[in-house]
Each structure stands twice: as structure tokens, then as C-alpha cells.
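Have a look at the structure below, then the notes.
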Amino acid sequence: FLRKADRELKRSILALATSMVQQPGAGGVVEAIVPVSAPAAALLNDSDLYVAAAAMGLFTAVLGQGDSSPAARGAFAEAALPQALRLVQSPLLQGAPLRKLQELFAALSQSQADGTGYEPLVEGLTGQAERQAESKQVLVSVGKCVSAVCQAQGKAADLAASLLKGLGRKGGKQGREGQAMGKLYCLAELGASSDLSGVPGLDLGILEHFASPVEGVKAAASYALGRSALGNLPAFLPVLLKHMGGGGKLKYLLLLSVKE
């Protein structure tokens, strides 16, 4: 049925399977529907994001079903991961489908299947961000998914410190702007959902990129400074206001940060 053209039929089948998997003691159901993993994974694309969201809901439910065998959950994780990494590159991804993808990445990080641990997922996602620097929507999507993985693993501050350190490195000219933008958007979404006030030099590390000759990097830094303050406004808002004592372009970028 998942290979049929009828989208409502596909959504209904996926919703039914998800409901069955979510029942207590439904490990046997997961074992029985392992063959569904491949056709369900094929739906994780942007040709129909609402069907994709329903498929992501099924994968997330399966990965969270502790009564099933590791082999069964591993089969679903193996099918979902490559498609999820492709889907996060879609500029059409937003709203409910994006939230479902965040939930899927969080579930993958906790599944203990091969290649779905914290480090492989973060490396895979941040690599996507650095290669997709031309699309703000893709960078935001990647940042939100990175944040979801870190939230699930309790490592938001650790990754933020690592990204900040990476921002300070001097690399070759080629690809350097894309790398900086990828890291800045990841910092933005990490700070939007976690308290990063314990990361030393976060505001100054981001502010350094306000002076970049590349408009995209400056815009990313402005976005990152504002979003990264959301996790602890009492700590970060006075810092933002303090830096607004300057004028010109710096003040304009800081106003954009406050807007975020």
C-alpha cells in the first residue's frame, strides 16, 4: 500500500502502523513490520512532505519501542538515516515536517544502531550545513536537527564550545565562508533551545564575524547572536545591549540580533 499513488491511503497506513507500534508491549509488531522499513524510507523526500512527516512518525515510534529487538530497530534506523540526511537538505522543509525530522534525529541518536550515535549524526549534519551555505532555510533546518540530537544526548554546551573553537581557526580560503555559516547557524539553534551562558566567549566569538567581508557570514553571525541568547535571556540580553553602543553597520546587525 505504501507504493500506491493514493497519498491519503499512504498516510492512513502509516498512521495505523504508528498507532500499533506505540501500544505497550508492541515489540512483536515491530518485528512483523520490518519489511515495511524500505518502502517507508522511500517516502522520506520533499515530493510530499506531509506523507514524509507521517513516515517519520512511524520511524520515530519504532525507534522508541523498547520492547522490540535491537535488530528490528536497527533495520529501521539503517533505512531511515540516509534518507533523513538527504531530506534535511531540502529548502522546502519547515513547520510540522521539520519538527518530525527533528524528532526522528533525536530518536536515531538514542537507538544504539550502527552509525546513529551522537558523534556520527552531528558530523553528518554539520557537514551538510557547510556544504549548503547558499540556502538559509537548509542551514536553519540542519541547525535545528543538530540541536535535537544534542538535546537528546545532553551535549548542547559541549558542541557549542567545539563549534566556537572551530570558528576561531584559520583555514584555507576555499569553503571557509561556508564552514563559518554552517557553524553559526548550528550555534543559533543550539542556543535557542539550551542555556549556553556557560560557554566562555560565546558572544565575542560570534561578534568577530560581524566584521566579515561576506554578507552571508555577517547575516549568519547576527542571527546566531540573537538566537543563541534565547536559552538564557537574562544572561545574554544585557550583553547584546552593551554592544549596541557602537554605531553604523554594527548597530544594524545587533538590532537584527535583538529581533531574533
Side-chain angles (χ1 to χ4, degrees), residues 1-90 92-118 120-122 124-125 128 140-154 189 193:
F1 290 112
L2 294 181
R3 294 190 174 96
K4 301 285 186 181
D6 188 331
R7 69 191 298 260
E8 289 306 319
L9 175 62
K10 287 187 283 193
R11 289 179 67 182
S12 297
I13 292 295
L14 290 165
L16 174 61
T18 302
S19 178
M20 292 170 63
V21 167
Q22 289 173 331
Q23 299 304 310
V29 175
V30 174
E31 308 288 337
I33 65 170
V34 166
V36 172
S37 61
L43 300 175
L44 301 183
N45 59 68
D46 62 2
S47 63
D48 189 328
L49 283 170
Y50 287 97
V51 170
M56 286 185 273
L58 173 60
F59 280 103
T60 301
V62 166
L63 295 173
Q65 178 49 263
D67 291 328
S68 60
S69 70
R73 294 196 304 274
F76 275 88
E78 184 179 350
L81 181 57
Q83 295 297 108
L85 287 171
R86 291 189 190 97
L87 182 58
V88 79
Q89 300 175 50
S90 172
L92 303 177
L93 193 63
Q94 55 185 307
L98 176 54
R99 289 191 292 275
K100 287 291 186 182
L101 186 58
Q102 291 173 251
E103 292 170 5
L104 175 56
F105 273 111
L108 283 166
S109 75
Q110 297 176 318
S111 70
Q112 299 182 332
D114 290 343
T116 63
Y118 166 76
L121 285 177
V122 167
L125 285 165
Q128 300 284 10
V140 169
S141 296
V142 170
K144 287 181 181 295
C145 289
V146 167
S147 178
V149 170
C150 289
Q151 287 287 309
Q153 298 294 321
E189 300 307 329
S193 55

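Excluded from the calculations below are hydrogen atoms, water molecules and symmetry mates; all remaining heavy atoms, backbone and side chain alike, are included. One is the number of the first residue; the rest follow in order along the sequence.
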Partner set under side-chain hydrogen bond (donor to acceptor under 3.5 Å, both in side chains) for S193, not counting sequence neighbours: S147
A26 versus M20, closest heavy-atom pair with distance: CB-O, 3.3 Å
Atom pair SG (C145) and CG (L101), whose distance is rounded to the nearest 0.5 Å: 4.0 Å
Side-chain contact test, heavy atoms from C-beta onward, threshold under 4.5 Å: evaluate it for L108 versus V149 and give yes or no. no
For a 4.5 angstrom cut-off between non-hydrogen side-chain atoms, does L121 reach V146? no
Look at the side chain of Q65 and the backbone N and O of V21, then say whether any donor-acceptor pair between them is shorter than 3.5 Å. yes
Shortest non-hydrogen contact from L44 to A52? CD2-O, 3.7 Å
Test side chain to side chain contact (heavy atoms under 4.5 Å, CB included) applied to V88 and L98, step by step: CA-CA 8 Å; V88 79; L98 176 54; 5.7 Å; no
Any pair counted as salt bridge (charged side-chain N to carboxylate O under 4.0 Å, His left out), so long as it reaches residues 34-54, sequence neighbours left out: R7-D48
Do L81 and F59 have side-chain heavy atoms sitting under 4.5 Å apart? no
With rounding to the nearest 0.5 Å, note down the distance linking CG in D6 to NZ in K10. 8.0 Å
Could you note down all residue pairs passing side-chain hydrogen bond (donor to acceptor under 3.5 Å, both in side chains) where residues 103-114 supplies at least one of them, sequence neighbours left out? S109-Q153, S111-T116
Any salt bridge (charged side-chain N to carboxylate O under 4.0 Å, His left out) pairs touching residues 141-151, not counting sequence neighbours? K144-E189
Filter on salt bridge (charged side-chain N to carboxylate O under 4.0 Å, His left out), then keep only pairs touching residues 11-37, sequence neighbours left out; what's left? E8-R11
Which atom pair, heavy atoms only, marks the closest approach of A79 to A41? O-CB, 3.4 Å
Hey, is the main chain of S19 close enough, under 3.5 Å, to the side chain of Q23 for a donor-acceptor pair? yes
Rounded to the nearest 0.5 angstrom, the CG-CD1 distance for L58 and I13 is 11.0 Å
Would you say T18 and T60 make side-chain contact, with heavy atoms under 4.5 Å? no
Can you check whether Q83 reaches L87 side chain to side chain, under 4.5 Å on heavy atoms? no
P39: which residues meet the side-chain contact (heavy atoms from CB on, under 4.5 Å) condition with it, sequence neighbours left out? L2, R3
List in chain and number order the residues that pass side-chain hydrogen bond (donor to acceptor under 3.5 Å, both in side chains) with D67, two or more places apart in sequence or in another chain; answer none if no residue qualifies. none
Between side-chain atoms of residues 71-78 and protein atoms elsewhere (two or more places apart, or another chain), which donor-acceptor pairs fall under 3.5 Å?
{"unit_1": "R73", "atom_1": "NH1", "unit_2": "S68", "atom_2": "O", "d": "2.5"}
{"unit_1": "R73", "atom_1": "NH1", "unit_2": "S68", "atom_2": "OG", "d": "3.3"}

